[in-house]
Structures are given as structure tokens and as C-alpha cells.
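Just so it is clear, the model here is predicted, and its values are computed rather than measured. Computation of the quantities below employed the complete heavy-atom set of this structure, encompassing side-chain atoms and omitting hydrogens, waters and symmetry-equivalent molecules.
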Amino acid sequence: MTRDGDIPTIFNPRRSRAPSVLVTDEGVSNGPFTHADSVGSQQEATADQPLSPLTTKYKTCSDSLCSSSARKIYFGIWVTICVTASWVGATHCIKYLYIMKPVEYDEAMVLAPQDGAGVNVTAIHNHYIATYKAPFFTTWFVTNWTMLFFPLYFVSRLGSRRCESPSDILSESIRDFRDKGFTAGRFLTRCSLFCLLWVGTNYMYIRSLHILLATDVMALFATNISFVYLLSWVILHEQFVGIRIMAVILCDTGVALLAYMDGITGSPTLGGVVLATSAAAGSAVYKVLFKKVIGDATYGQVALFFSLIGMLNAALLWPLSLGLFLTGLETLHWDRLPWPALLAASALSLVANLLGNFSVALTYDLFITLGLITAVPVSAALDVVLYGAQFEGMKLAGMILIAVGFFLVMFPDNWPDYITRLLRNIIMLSHSARPRFYWQEDPLPTSSVHQH
């Protein structure tokens, strides 16, 4: 943890200033293939021959570019790109499931020419029907893939630390929950409640894609960061920041503009906006309750928790999916089921969730969160190319307000200090760059003085 509400992001990078070679009193250094004599001679040579300003500047620049903070930023850029690609791909694959597909059917006709002899002709027509309309089945199928969380974590631990046995890895993950006071029954009860919250949130997200474009749903879901702040302020008693309240207001205004972009009479847009916004709120409730109930979890705890959610979903909710299919509330044609799109959506959703939960080991959490908002323009480009969508008027204004609110919520708690420091540096640079003129009288030449 940092002091005064600082967050270890690009706003407040922490650099390691430890030297690469340390010489002890016994003459043993921690550098490779180094000895006391060689180090001492190198120091004398360095003292006799000081480095040039260009060499010093190059060394300082290389040290800053190869520091731990810089490496985290490099990894963060790649994580943002991967989160954006996986999130956009999963959403558009689910949207593709709802597109009406052409179905060919034969229609027999009899043509009677003038001589009275009939000719049988078969005409082939294309009829567009919705062959897939099963949001709950999609949610159930995609959530089942979260069972792979702990196996993937288990394999990665075995590959990175070969000295650990499989029983040690499993017992370590379980022991962490036991140390927090969770019994088996209490832990399974908590997992069941989180499973229902997870399934409900994903169902509303997937159901809204049947009504709205993928870009609209992703922009509305990005407002979950404002809901997370509000709930953290109320439940977790986090610090009150005025600019974040203004960001919440901007996000709510953007949601209102998207809700009424097609009017309120005879348009299903309002229902789709309510579903997508409810999914964002459900995601925020899940995150804050996880922090409140589970607390600071290790990677093993997170992997085990997600795998249990997937197992409970597969074991308990399949009768509900079957009942919706048998009652006709959900449409499924097994002979025309789009398995490639469904499998791609499940795999990409798993990748996005893995990056969102485990990438913090490589980079700052800021870059993971950025993937939610950078996915919106990428998705908009795909909607324009694939479906000829137009983003203008109230829709465009609502998305811009949501994006501005998103970035304002991400401001650090002590953001005025950074603004003040930035303004002070700008003023100092402007004063140092200002030209200075010195007026002084030129002395008379010596030869002319002697002549006089």
C-alpha cells in the first residue's frame, strides 16, 4: 500500500534505486564474475576518467527504460490490447448468434401452358428466421468454461515451480480460505450466492445484445466502474473524491441519452439499455461483495473460487436451461446450432476473465480496466463495417459522456497534487526557456589607448 491514497500506476511510478553491484567489507560482491580487486580498479579508473555528459545521459535513459516500472507499463500495454481484443471478440460472437439466418424451403408450382400440358416446377425461396434465441443457455454454456480457472492455474504452478507437489498447491489454496474462518458449508453457501449473481449479471448482458448493438452494450457496461466507486464508498468506506461523483453524474447522463436515443414509444431500446445498465450494476455488486466477503485473495483462491462457480453452474442450473427450451421460451435448433460462434465466445470470454484476474501480477490494474473503454471504439468500427451502424446525435453524445466519466473515475485520490506539480513544472520550463539579454560596454582596444 502507498501513502496518502497514492496508487502505483503511471501517475505514481516507483523506481528501484538499488545498485546493480554491491561491495561488502569482506570484498565479496553480488555481481557475476566480480572480485574486490577488479571492482576497486574499476572505481579508480572511473574516478580518474569521468563519464562524458552524453554517456551519463544515455545510461540514465537506459536505466529508466529498463526499470521495473517501465516493464510493468510495457506489459500493461499488451494486456490492454489483449483485453480489448478478447472482450470485443466475445461480445460480437454472441451478437452473431442472434442474427437471423436464411433458411431455404421448396415450393412446388404447376405451370399450365396453352396446350394444356402441365409442367411441375419447384421454386426455392430464402426465408430469414431466428434459429437461435437462447440467452440463458448461452450464459450457462459460457459460465461452464470458468471451471478451467483452477486447472490452468494448477498447470502453471507446476511448470514454474517444479519442487512443489500437486497436493501442496491444492492444500495451499484451501488453507487460505480456512485461515479466514470459512467452513465447508459456509464456503459453499457463499459460492452459490456468487454463482447466482454471476449468472444473473451475464444473462442480462447477453440478453441485451438481442436488442442493442454490441457497441451500445459495451459502452453501457463500462459504467460499472462508477457503480464500483459508489458501492465502495458506501460499503467499503473508501475516501470521498468529488471529481468521481461528477464522473458518476456524467455516466448517468450518458445512460439517459442512450435510453432515449430512439424515443420511448414502440421502441425496445429502453428495455435493452435497462438490461445492459443492470448488468453493469450487477458486476459492480459482485466485485464489491467479493472484496467485502473474501477480502484480499491470492491467485490460488481466485482460481479455486471461479472453478467452483463454474461447477455449481453446471450442476445446479442445467434443469432451468432445459425447462426454458421445453416450454418454448428459448429457441434452439440443434441441427443448425452455430457451434463455432458459441465456442469462440466461450473461449474469448475465458481469456478476458483470466486477464482481468491474473494480469495484475505483471502490470498495474489501470491497464486492465482500460480494456473496457478501449473496446468501445474498436467495436464501433466493427459495427460500422459489418452492420452499417451509424453513431451520431444522442447515441454519440451518450458514449462520449460515458467515456469522459470513465476516465474521471480512474483519477487518483490526490489528483490535485499531480495537477499542481504539472503546472509548476510547466511554469519553470517556460521561465528557463525565456531568452535573457545582458547589456555591457565593450572596452576600448589596448592599441588605441597607447596611441592616445
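The two atoms that bring G405 and A247 nearest to each other are O-CB, 3.2 Å, heavy atoms only. Considering all non-hydrogen atoms of both residues, T215 and S379 come closest at OG1-OG, 2.9 Å. Nearest approach of I94 to A345, heavy atoms of both residues: CG1-CB, 3.7 Å. Of all heavy-atom pairs between L213 and A389, the closest is CD1-CB, 3.5 Å. Contact detail for Y205 and A279: the closest heavy-atom pair is N-CB, 3.7 Å.
Using a 4.5 Å heavy-atom threshold, the side chains of T91 and V217 count as separate. T143 places none of its side-chain heavy atoms less than 4.5 Å from the side chain of F306. A heavy-atom distance below 4.5 Å is found between the side chains of Y98 and I206. Looking at Y96 and I99, their side chains come closer than 4.5 Å, going by heavy atoms from C-beta outward. Annotation: side chain of S278 is in contact with side chain of V274 (closest heavy-atom distance under 4.5 Å). A heavy-atom distance below 4.5 Å is not found between the side chains of T277 and L258.
One distance of note links CE of M218 with CG of D383; it measures 9.5 Å at 0.5 Å rounding. Separation of atoms CG (D252) and OG (S226) is listed at 6.0 Å; rounding is to 0.5 Å. Atom CG of residue L220 and atom SG of residue C251 lie 10.5 Å apart, to the nearest 0.5 angstrom. In this structure, OG on S69 lies 10.5 Å from OH on Y74, to the nearest 0.5 angstrom. Taken to the nearest 0.5 Å, the CG atom of L212 stands 10.5 Å off from the CZ atom of R207. Atoms CD1 and CG, from I73 and L366 in turn, are 9.5 Å apart once rounded to the nearest 0.5 Å.
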Pairs of donor and acceptor atoms involving the side chains of residues 308-329, under 3.5 Å and at least two apart or interchain, shall be tabulated with distances.
{"from": "N313", "atom 1": "ND2", "to": "W140", "atom 2": "O", "distance (Å)": "3.1"}
{"from": "N313", "atom 1": "ND2", "to": "N144", "atom 2": "OD1", "distance (Å)": "2.6"}
{"from": "W318", "atom 1": "NE1", "to": "A315", "atom 2": "O", "distance (Å)": "3.3"}
{"from": "T327", "atom 1": "OG1", "to": "G323", "atom 2": "O", "distance (Å)": "2.8"}
{"from": "T327", "atom 1": "OG1", "to": "L324", "atom 2": "O", "distance (Å)": "3.3"}

List the atom pairs, with distances to 0.1 Å, where a side-chain N or O of residues 350-362 and a protein N or O form a donor-acceptor pair under 3.5 Å, not counting sequence neighbours.
{"from": "N353", "atom 1": "ND2", "to": "S349", "atom 2": "O", "distance (Å)": "3.0"}
{"from": "N357", "atom 1": "ND2", "to": "N353", "atom 2": "O", "distance (Å)": "2.6"}
{"from": "S359", "atom 1": "OG", "to": "L355", "atom 2": "O", "distance (Å)": "2.7"}

Without placing hydrogens or testing angles, list every side-chain donor-acceptor pair under 3.5 Å for residues 283-290, not counting sequence neighbours.
{"from": "S283", "atom 1": "OG", "to": "N224", "atom 2": "ND2", "distance (Å)": "3.4"}

Just list the side-chain donor-acceptor pairs under 3.5 Å for residues 391-401, sequence neighbours left out, or say none.
none

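Aromatic ring orientation, F305 versus F194: perpendicular (interplanar angle above 60°, classes split at 30° and 60°).
The neighbour count for Y387 OH, taken as heavy atoms of other residues, nucleotides or ligands under 6.0 Å away, is above 12.
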Would W334 and L337 count as a side-chain contact (heavy atoms from CB on, under 4.5 Å) if you check the C-alpha gap in whole Å, the side-chain angles of each, and the deciding distance to 0.1 Å?
CA-CA 5 Å; W334 294 102; L337 193 66; 3.9 Å; yes
Going through the distances and angles, do L332 and F137 end up as a side-chain contact (heavy atoms from CB on, under 4.5 Å)?
CA-CA 9 Å; L332 276 174; F137 173 77; 4.1 Å; yes
Check the pair Y229, F240 against side-chain contact (heavy atoms from CB on, under 4.5 Å), reporting the backbone distance first and the verdict last.
CA-CA 9 Å; Y229 169 69; F240 173 83; 4.1 Å; yes
CA sep, side-chain torsions, deciding dist, call: L230, V248, side-chain contact (heavy atoms from CB on, under 4.5 Å)
CA-CA 8 Å; L230 286 178; V248 172; 3.7 Å; yes
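F182 carries R186 over the face of its six-membered ring, with the cationic atom under 6.0 Å from the centre and within 45° of the normal.
Within the structure, every pair that satisfies the salt bridge (charged side-chain N to carboxylate O under 4.0 Å, His left out) test and touches residues 293-315, not counting sequence neighbours, is listed here: K291-D296.
By the salt bridge (charged side-chain N to carboxylate O under 4.0 Å, His left out) test, D335 is found to be paired with no residue, residues two or more places apart in sequence or in another chain being considered.
Between the S307 side chain and the L148 main chain, no donor and acceptor come within less than 3.5 Å of each other.
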